[in-house]
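Written out below as structure tokens is the structure these notes cover.
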Amino acid sequence: MLKAIGIGSVDELFAPIPAEYRLSRDLKVPRQMAESEIVDYFRQRSRENGEGYTSFLGAGAYAHYRPVIIDSLISRGEFLTAYTPYQAEISQGTLQSIFEFQTMICELTGMEVANASMYDGSTAAAEAVMMAVRLTGRRSVVLARSLHPEYREVLATYATHQGMPLTVAGFGANGRVNVEELEKLITAQTAAVLIQSPNFFGTIEDVSAIAEIAHKRGAMLVVSIAEAVSLGIVEPPREADVIAMEAQSFGVPLGFGGPYCGVIATREKYVRQMPGRLVGQTVDKQGKRGFVLTLATREQHIRREKATSNICTNQALVALMVNIFMTVYGKVGLKELAKQNLAKTAYAAGQFAKHGKVLFAASPRFNEFVVQTSEDPRVINSRLLEHKTVGGLPLKKFYPELGNAALWCCTELTTRSAIDTAVGLVAEGRGSASSVKEEAGVEEVAR
Amino acid sequence: MLKAIGIGSVDELFAPIPAEYRLSRDLKVPRQMAESEIVDYFRQRSRENGEGYTSFLGAGAYAHYRPVIIDSLISRGEFLTAYTPYQAEISQGTLQSIFEFQTMICELTGMEVANASMYDGSTAAAEAVMMAVRLTGRRSVVLARSLHPEYREVLATYATHQGMPLTVAGFGANGRVNVEELEKLITAQTAAVLIQSPNFFGTIEDVSAIAEIAHKRGAMLVVSIAEAVSLGIVEPPREADVIAMEAQSFGVPLGFGGPYCGVIATREKYVRQMPGRLVGQTVDKQGKRGFVLTLATREQHIRREKATSNICTNQALVALMVNIFMTVYGKVGLKELAKQNLAKTAYAAGQFAKHGKVLFAASPRFNEFVVQTSEDPRVINSRLLEHKTVGGLPLKKFYPELGNAALWCCTELTTRSAIDTAVGLVAEGRGSASSVKEEAGVEEVAR
Amino acid sequence: MKNRIRKATLHVNQNEGLIFEKSSAGKAAWKLPPLDVPEVDTSNLLGSSERNDLGNMPEVSEIEIIRHFTRLSTWNYAIDLGMYPLGSCTMKYNPRVNEAVARVEGIANGHPYQPEKISQGALHIFKTLSECLIEITGMDAITMQPAAGAHGEMTGLLMVRAYHHAQGRPRKKILIPDSAHGTNPATAAMVDYAVENLKSDSRGMVDVGALEAQMNEDVAALMLTNPNTLGVFEQDIHKIADILHAKGGLLYMDGANMNALVGKVRPGDFGVDVMHLNLHKTFSTPHGGGGPGSGPVAIKKILEPFLPTPVLITKADGTLGFEYNRPQSVGRVRAFYGNFGMFVRALAYIQANGPDGLRQTTEDAVLNANYIRKGLEGTYDLPYSTPTMHEVVFSDRLQAKKGVKTMDIAKRLIDYGFHPYTTAFPLIVPGALMIEPTESESKEEMDLFIDAMKSIAEEVEENPQTVLDAPHSTRVSRLDETAAARKPVLRWKPAV
Amino acid sequence: MKNRIRKATLHVNQNEGLIFEKSSAGKAAWKLPPLDVPEVDTSNLLGSSERNDLGNMPEVSEIEIIRHFTRLSTWNYAIDLGMYPLGSCTMKYNPRVNEAVARVEGIANGHPYQPEKISQGALHIFKTLSECLIEITGMDAITMQPAAGAHGEMTGLLMVRAYHHAQGRPRKKILIPDSAHGTNPATAAMVDYAVENLKSDSRGMVDVGALEAQMNEDVAALMLTNPNTLGVFEQDIHKIADILHAKGGLLYMDGANMNALVGKVRPGDFGVDVMHLNLHKTFSTPHGGGGPGSGPVAIKKILEPFLPTPVLITKADGTLGFEYNRPQSVGRVRAFYGNFGMFVRALAYIQANGPDGLRQTTEDAVLNANYIRKGLEGTYDLPYSTPTMHEVVFSDRLQAKKGVKTMDIAKRLIDYGFHPYTTAFPLIVPGALMIEPTESESKEEMDLFIDAMKSIAEEVEENPQTVLDAPHSTRVSRLDETAAARKPVLRWKPAV
Ligand SMILES: Cc1ncc(COP(=O)(O)O)c(C=O)c1O
Ligand SMILES: Cc1ncc(COP(=O)(O)O)c(C=O)c1O
């Protein structure tokens, strides 16, 4: 090949790089490893990473069963190693599956249009809010304190640097948004009200009430959904103007936090302000049905600085996992699945109520609940950890006002015996002031 | 559908079955389980099945590294869920890959033709012998005691029920076939001489010497190869008339003994007496190259009781694993792989020689060797087992004449530290008469 | 042609040469870890046994291998792509969970000789499946060793042979109906039995009269497929068994068609003494382009002493293990314990179905076959009007008048997006179209199939040539099999 | 057309409707375990929040799902099928071992909030990869949080913004060359910066004079892609950096084209202050039809205080953990820690290559691009003769004379068995053909590509219509995008 090109050595090709910058040494990265060594390396890391632990963690990342066929199908090279479907004639597989994804998201959320995916639930929420800002021409935002704390942080990052004022509405004793407070915070400048339902505590918000308040003032309501499985049994926030969802629960591995699958769904009339890719149906020269990326004039590669967002690569393959999961469970399965989550959680909350205080018990919840204990939950968790069990998420860091509280989650995978064991271990420390030994353990499990 | 067929209930379709035999109860099999339960069940069984043990077992089933792409490729539905390629126009994928498989087997064995696979190495050996019986018109067989004991049992099963006399030639102090004895056993009735190389002890036989003896008497030489990786560095038995191989070493999981991949390779002139499927090259109507199943007139579906064998379904998908493995390592890799096996084994044998007696040390070997100890190897193994290590295969059952001997195997996956640990543990019991406690353990690990 | 074909279309497809044609020195897809023991001098260790050259083995990169086999795969038809109605092959869905559990570490990597103490997991799977299969067949014991159906036939007949020997009067022959699969006579011959043909009657069943006449003390057994290869249940099965047993013969059942019976009737209950199962048919293990299979043989008590060794047992301490010491055994039929990986898949299939699921499966399989029979009756000739179980056999009699044979119709089906049915078998139906949909097919898919078959029948009338020249849509057209057999090219050779 | 096309052919392909069109009540592909806790009265628990209807969600069987997606997949082109020379996208081989290790239990199932004590495995991967990327880029620190390149750009510019604020003098604009990718200006706008265009010179590089003139205290940073989107290395990069730094501006590098530099030169060494990487380009994580990606941002010391939270640290006790308390941080850009699954794949890629492998990879990528340039020079117009690094950009000027545009040539390439190159980008080349082979392509595959491109050029002369009507071999012909955008149909609705 060198000959064909007419050069003597490959280095000649790097001549354009000023000599003084060229690297004359090896990079300091691990030496080349055989495939067997690579596999061993990651197996080892896996053993250091909670392999085989029982967990009661949720809080925006949920452990649901992943049907085997998801990986069988997404592992097909035709899906795995294709690029964004710009060339429609040889991308119909990806395009039709996205069209089906958009359809199912609409069916589940009660919205009219959905996009092909966003990075995750938190960025989807932020982009949804900016969408409202563009649509209303207003710039301030009111968000709920019962929204996932990290989602709030992300919105803050996106908003503050654009000089968008944010105000936060607290929650009441029922674990729901304090509607009176919210109402006061909404002004003529409020572009959007952002809430989550089921909210961070697993409590289902009174969406219609909040929608009414927001709309009365001409603000748009953006609802974030972090636990997609709830849609099987919980009425979707149909009164919302935009829904920003995290679909990880639908067949996406926990994977230590990502990749996940954000989605934005909204009303048809808002579609031209929607960020992200959209697939539309059309016909070919022979009138045969086909699918293409459409409304690209919203996007960066056409509109550049005037685009609705800078998003380009999204989470396509993860959206395909979600798509397959939704197809496997479908109309009946999703409901039954959600029911099991509800039942396990109801049982667990009931058991905990016997030994600790379960907060917000009055309001409807899906698969998470907050348990308040006399003991510091971090101490409790270090005790559970010795039994290969990961307890609920200590809330001190996010909600100091709740004292010794932790957020517990149960899914269809949580067994009764695991619940009973955990409840027992929590009860053990009842009333006891944390011993020194336990205190020692605290830091390590603190988040 | 019932309506379309014109019946009232499905049961009407089962009317042809005499009522007295129809089953009116549920089958007593496990209740229907959810996919998640099935996965849990097998995970549990896996934990009870030597998961995470280090092993020094070979003896016809070898632990080599399996490149990841093998499963990525054979998992494609187009390979996994296709039937035998009878309809060539929509089976070219399977057909071409078998043609490549046949070619590589020929390259490695030095033979002229190879079939598409047999059940395993043991049945391949038995069918190869029967092939010799048909070709020579003679009926008796001489086999080597250094042939895998279970292969000998299988041949006995196939042969005795056809009234084919079998005689066995022992091995000498060098671990190779006793040539003098062999020579005496070969008669004018001897259809075939069957040996294994590397033999059951890992020792490489003097194939040319044996071939000469056999051919001198008009008998055919059938050589069985159980450790395919040896072909990377050990000269193939080119003087053989038929080679019966077990290709499990080439990328096939140990899988507790199966499915594996037998193969028969021989000379062109014997092809019409060869059992099993064969793929041949041809052209289509436009003269385009294509592949088809050929010489089917040897097979049961055409010749029925006159067929060369009754084999129909073979081990196609396993042969595809083997094919991919051979393609991954190829001309250079297979040699380097074999070299590593040789080096690990040489090191291990050297270490063992310091503490026990390594038999047959004078002859060339590949990746197995026999260690003789004062202690009963079953006692040694129960000690190793406590360190999650599976020692060599105790040989008493198969070769009582060798006393306290065990067959050890090392592959590229055996680490130096694992070898040192094992050697240390074997040394521990040196000279010591097995204690009572140890004796207790014996039965459980006895084979 | 276009407008008629609804299920398939043309699409661009990659060509691909032989891997050897892509090979060039220096390319590699492998990498070994650094050696942690001293290098060795191979010629010193191996002497004259050292090999120096690996001939024409390929040298290619990993992406070339991925592309090579991915491209090749796209030339295959498969269950995963559509209906695969091969009669007698039971091409049902191969559940992916089966593949997943077969790859769980301890199950995929267990060594056959590892101590029983640390093999309880595998042995438990072995035992559970054995018990399920015994219950499903209504027999008393089972061997899991045979690697496929034909291997099971051999194992079964060996036990029959050993049984008669033990009785002190060996027998000479096996009766086999003319409708039987080729492996039946081939197997009988392999175990040194003479094969005697048994005629079928007008209903396509065993002619009981003829059997009565042919049965005598020389007959070791009758090998019967039930439902037989016409998809017909042998209604006189009990009479048949009685006739055999009366003269000391045994009834062997080829269980290839168990998909018509599971959960509805048990061979053990209607007089079968020995039978094999095809886990790769009835129990959903994948065909993989021609295997691996698994052909367990279930037997009645009288044959138990003759089971191949080893036999799985529960030991005194309650753990599972193998018994090797069985003096009357026919011996081993293969190394180790059988195609264990297939046991895992078959058990997963049984667990996923449960008692009700298994029954339902059988009912759907039979229902589907009858739906297709109904749909094509009249369009194609139905040589036997006897009730259909899991598969239906038509003949090309009507189309043959136009010179179109079953194989031509089969090839034309490819253009319509289907895999052909089984052609030219059973032999008692000249020009057979042997169709087995299995329970896996939806009404939608079967309607498309019926449609396609009818449309082809019309084409045969309107312009037979289209059918005779089919397939038209595959990357290769009909291949010259005669040439392939006349001058066999069975391996690639470098151009000289 | 046939005889010219060597790499592809036609083959039968399955049609497939929308999943909703296959749905019918009662079909199911799911099964839940029996509930081990008391059933609950949902309406009692949820009251008015209870949902009763899931609308038109599908009901299908498992085999239908397997077939649905398997059939759909066969309509896609992919790296696994052949050369995918999309310029700027670095469509290299995606190693399968990456997929395997990403699925190892503890790695696939780790919860982001599980105690750090039992997360050391994931954190170790995180740390090792971070260190590798810092070494490869020659920068001082890194954040792994961004989910893709554009997200990385935003994160980088937020840090730039925070830096200038901390300096006490916020700035208004970002300079962006006219050759830049669309995400660059879009990102600048998202973080409230004005975008000012920077002209390229005749060599396709930044016009240093123009830069000198445009640079002032209002400029926060220059966003530069290097090699730029013409595949040209910005030789005056050091001058450019100096000009920016002299006036207090920062140099942002879009690292999308790092595949041309890894192991040969480090951006940190030639003056870059902040840059993003695309693990889904340079580091072989699969594109998956449009993601997931990962866009880590590497920075110089001066920007470290502004890194998004949390930041990975080694704690007093030597274990790894996250630091959340970083007062000057720009804040989070997403929940949790980034697309961790992609980190696993990228690290596996680095391990499989090692220092020599990484350098070799870069050399091969550049060599391949130059081989293609050489092969097509003369046949296609090369607007910039400046030396080519990892990709080469031609224009359709010669073919346009016959009315054939870059998109037409691209569509015709499909018939030849290739995925098209990138069309109509960069904007400074009207009718661009942007070709990036990557290191993964063999000479054989590239020769076929060059051949195809030349053959198409001839077709343009002989009969342009064939090219204008292309593709001819795909199951759908060119689709009506205008209609799609005019009356958008963005979801399936049941026929009423
Ligand atoms: C009726 C019948 N018997 C026996 C066999 C042979 O089974 P196998 O191919 O598993 O050896 C088959 C398989 O084709 C069959 O259809
Ligand atoms: C030069 C350049 N910059 C930025 C991007 C955007 O990266 P991503 O798609 O990962 O957001 C791309 C990807 O297409 C690109 O080619």
Side-chain angles (χ1 to χ4, degrees), chain B residues 10 16 21 26-27 29 32-33 42 45-46 48-51 57 73 76-78 81-84 89-90 92-94 103 107 119 122 150 153 157 204 235 253 255-259 280-282 284-285 290 294 300-301 304-305 307 310 313-317 328 331 333 343 347 416 444-445, chain C residues 29-30 36-37 40 49 51 54-55 57 69 72-73 75-80 101 104 106 108 110-112 115 117-118 120-122 132 147-148 150 182 185-187 189 195 233 270 287-293 331-332 335-336 339-341 351 354-355 363 474 476-477 479 484 489 491-492:
Chain B
V10 177
Y21 300 127
D26 278 357
L27 285 168
V29 298
Q32 190 177 46
M33 290 160 70
F42 287 99
R45 299 290 78 72
S46 169
E48 302 162 358
N49 213 59
E51 199 178 271
L57 290 172
L73 290 168
R76 285 183 60 84
E78 294 91 331
T81 72
Y83 197 71
T84 304
E89 299 85 353
I90 43 171
Q92 284 298 301
T94 298
T103 303
E107 288 293 338
Y119 300 138
S122 67
E150 293 194 0
E153 291 179 43
T157 306
I204 298 160
E235 186 61 10
F256 205 62
Q281 180 177 317
T282 185
D284 74 356
K285 291 210 220 103
T294 191
Q300 46 73 28
H301 60 283
R304 304 180 73 88
E305 59 267 44
N310 68 336
T313 292
N314 54 21
Q315 303 285 113
L317 196 72
V328 167
K331 189 180 175 71
Y347 173 78
R416 178 185 198 137
E444 299 174 58
V445 293
Chain C
W30 60 276
D36 62 358
V37 298
V40 288
S49 312
R51 175 179 209 162
L54 290 183
M57 290 297 284
F69 290 101
L72 293 191
S73 75
W75 305 346
N76 275 3
Y77 191 91
I79 297 174
D80 282 6
V101 295
V104 174
H111 191 288
K117 189 184 192 172
I118 59 166
Q120 293 300 305
C132 289
T187 303
V195 173
F233 187 88
F270 57 63
H287 278 264
R332 278 186 172 279
F336 310 125
N339 283 347
F340 179 77
Q351 291 171 330
E363 290 175 351
T474 48
V476 291
S477 57
L479 292 151
V489 178
R491 54 154 300 175
W492 171 85

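The sequence lines fix the lettering, A, B, ..., with proteins before strands; numbering per chain opens at 1.
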Handout entry: Main-chain N/O of C:Asp36 paired with B:Arg416 side-chain donor or acceptor, under 3.5 Å
Key = yes
Practice task
Tell me, out of C:Asp80, C:Val40, C:Ile118, who's got the most heavy-atom pairs with chain B below 4.5 Å.
Solution key: C:Ile118
Practice task
Taking B:Glu153 for its side chain and C:Gly331 for its backbone only, find out whether a donor-acceptor pair lies under 3.5 Å.
Solution key: no
Practice task
Under the side-chain hydrogen bond (donor to acceptor under 3.5 Å, both in side chains) rule, collect the residues that match up with B:Arg45, sequence neighbours excluded.
Solution key: B:Glu48
Practice task
Can you tell which part of B:Tyr347 gets under 4.5 Å to a heavy atom of chain C, answering side chain, backbone, both or neither?
Solution key: side chain
Practice task
For chain B, find which of C:Ala335, C:Ser49, C:Ser477 contributes the most heavy-atom pairs closer than 4.5 angstrom.
Solution key: C:Ser477
Problem - Residue, of B:Thr282, B:Val29, B:Asn49, that accumulates the most heavy atom pairs under 4.5 Å with chain C - result: B:Asn49
Completion exercise
Closest non-hydrogen contact found for C:Pro112 with C:Phe336 is CB-CD2, 3.6 Å
Handout entry: Residue, of C:Thr474, C:Val104, C:Asn339, that accumulates the most heavy atom pairs under 4.5 Å with chain B
Key = C:Asn339
Fill in the blank from the handout: Turns out that what part of C:Ser73 lies under 4.5 Å from chain B's heavy atoms comes down to both
Exercise for the section: Please determine which of C:Asn76, C:Leu72, C:Ile79 meets the side chain to side chain contact (heavy atoms under 4.5 Å, CB included) test together with B:Glu78. Expected result: C:Asn76
Problem - Proximity breakdown for B:Arg76 and chain C, heavy-atom pairs closer than 4.5 Å - result: side chain
Practice task
Please report the shortest heavy-atom distance between B:Ala316 and C:Gly289, naming the atom on each side.
Solution key: CB-O, 3.3 Å
Practice task
Please report the closest heavy-atom contact between B:Gln92 and C:Val476, naming both atoms and the distance.
Solution key: CG-CG2, 3.8 Å
Fill in the blank from the handout: In terms of heavy-atom contacts, C:Ala150 and B:Tyr119 come closest through CB-OH, 3.8 Å
Fill in the blank from the handout: Okay, B:Val328 and chain C: the region with an atom under 4.5 Å from a heavy atom over there is both
Completion exercise
Here the gap from B:His301 atom NE2 to B:Asn310 atom CG, rounded to the nearest 0.5 Å, amounts to 13.5 Å
Problem - Choice from B:Val10, B:Asp284, B:Ile204 maximising heavy atom contacts with chain C below 4.5 Å - result: B:Asp284
Fill in the blank from the handout: With chain B, the option among C:Ala78, C:Ala148, C:Gly288, C:Gly293 that has the most non-hydrogen atom pairs under 4.5 Å is C:Gly288
Handout entry: Contact class of B:Leu57 relative to chain C, heavy atoms under 4.5 angstrom
Key = both
Problem - Contacting moiety of B:Thr294, where chain C heavy atoms sit under 4.5 Å - result: side chain
Fill in the blank from the handout: Heaviest contributor of heavy-atom pairs below 4.5 Å to chain C, chosen from B:Lys331, B:Glu235, B:Glu51, is B:Lys331
Completion exercise
Comparing B:Gly258, B:Gly50, B:Ser122 against chain C, the one with the most heavy-atom pairs below 4.5 Å turns out to be B:Gly258
Handout entry: Pairs of heavy atoms under 4.5 Å with chain B: top-ranked of C:Met57, C:Arg332, C:His287
Key = C:Arg332
Problem - Taking every non-hydrogen atom, the tightest pair across B:Thr103 and C:Arg491 - result: OG1-CA, 3.4 Å
Problem - Top contributor to chain B interface from C:Gly341, C:Ala147, C:Ala189, C:Pro292 [non-hydrogen pairs under 4.5 Å] - result: C:Pro292
Exercise for the section: Could you check which of B:Gly77, B:Pro259, B:Gly333 has the highest count of heavy-atom pairs closer than 4.5 Å to chain C? Expected result: B:Pro259
Exercise for the section: Look at the rings of B:Tyr21 and C:Phe270 and say which category their plane angle falls in: under 30° parallel, 30 to 60° tilted, over 60° perpendicular. Expected result: perpendicular
Fill in the blank from the handout: Heaviest contributor of heavy-atom pairs below 4.5 Å to chain C, chosen from B:Pro253, B:Ala307, B:Gly290, B:Ala343, is B:Ala343
Handout entry: Contacting moiety of B:Thr313, where chain C heavy atoms sit under 4.5 Å
Key = both
